[in-house]
Amino acid sequence: MRTIVLALTTVTTALLVSACGQGANSDAPPPAQVPQDVRESLRDAPKTPVPAAAASVDVCALLDETDAAAVLGTLEKPPEAKPARGSLLGECAYTGVKGSGSVSAHPADELAGTVEYMGKSKPVQTLSGLGTVAYATQYGVMVQPAGQTYFLSVFIVGAEGPALTEALARKLKL
């Protein structure tokens, strides 16, 4: 399971790094593969200013063990906090009997570029009732909490991973 979580973290970081520089303030239109409603919500998403030195985020405080276990099944170990580094502002990894997942925080100005990048090969769907804006992508759920200078990425691997990702995102304390 540790290998799966490490691989998930590596994929998440690689995807977000590749999307850097394509933030919400970009003048380039989103790619055509991103549905019209998603393109409009990305264009209209609040432009939350990001401080010069973005502070780290205690991501584990946003999803407690009980809520994580309700989605992932009995947790095999306590949530594992990971420190901020680069554009990763914080991360918390969860390992349950139904799968392993992570919730990570990234600068808000990287949300549009990240969603656009993820929409290049698979459709992106707008989700309602989660933060200011939220998107289901092939890699997980991206959520912009209201008034925050970061967005959250929720990913789960395992046989039931895709089906559980949105459920885990909806457990976040936004």
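Since the structure is predicted, the reported quantities are computational estimates derived from the model, not experimental observations.
Between the side chain of Y94 and the main chain of L63, a donor-acceptor pair closer than 3.5 Å is present.
With respect to E166 and R170, a salt bridge is recorded, a charged nitrogen being found less than 4.0 Å from a carboxylate O.
When all heavy atoms are compared, the tightest approach of G131 to L174 is N-CD1, 3.6 Å. Of all heavy-atom pairs between T165 and G140, the closest is CG2-CA, 3.8 Å. The two atoms that bring A61 and K173 nearest to each other are O-CD, 4.2 Å, heavy atoms only. The minimum heavy-atom distance linking V141 with V143 is given by the pair CG1-CG2, 3.7 Å. Minimum interatomic distance between L72 and G99 (heavy atoms only, all atoms of both residues): CD2-O, 3.7 Å. In plain terms, the two heavy atoms of T137 and M118 that are nearest each other are OG1-SD, 3.3 Å.
The structure places CZ of F151 at 9.0 Å from CG of D109, a figure rounded to the nearest 0.5 Å. Expressed to the nearest 0.5 Å, how far CG of L168 lies from CD1 of I156 amounts to 4.5 Å. Rounding to the nearest 0.5 Å gives a distance of 6.5 Å between CZ of R85 and CD of E91. Residue L164 holds its CG atom at 11.5 Å from NZ of K171, rounded to the nearest 0.5 Å. Of the inter-residue distances, the one linking K77 atom NZ with T95 atom OG1 reads 4.5 Å to the nearest 0.5 angstrom. The distance from atom OG of S104 to atom OH of Y150, rounded to the nearest 0.5 Å, is 12.0 Å.
Residues satisfying the side-chain hydrogen bond (donor to acceptor under 3.5 Å, both in side chains) test with Q125, not counting sequence neighbours, are none.
Taking 4.5 Å as the limit, some side-chain heavy atom of T126 sits within range of a side-chain heavy atom of Y135. The shortest distance between side-chain heavy atoms of F155 and M142 falls below 4.5 Å. Counting heavy atoms from C-beta outward, L89 and P107 have side chains that approach closer than 4.5 Å.
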- prompt: Between Q148 and Q144, does a side chain to side chain contact (heavy atoms under 4.5 Å, CB included) hold up when you go through it step by step?
  reply: CA-CA 7 Å; Q148 297 300 327; Q144 173 65 62; 4.3 Å; yes
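Judged as a disulfide (SG to SG under 2.5 Å), the pairs with a partner in residues 69-174 (not counting sequence neighbours) are, in order, C60-C92.
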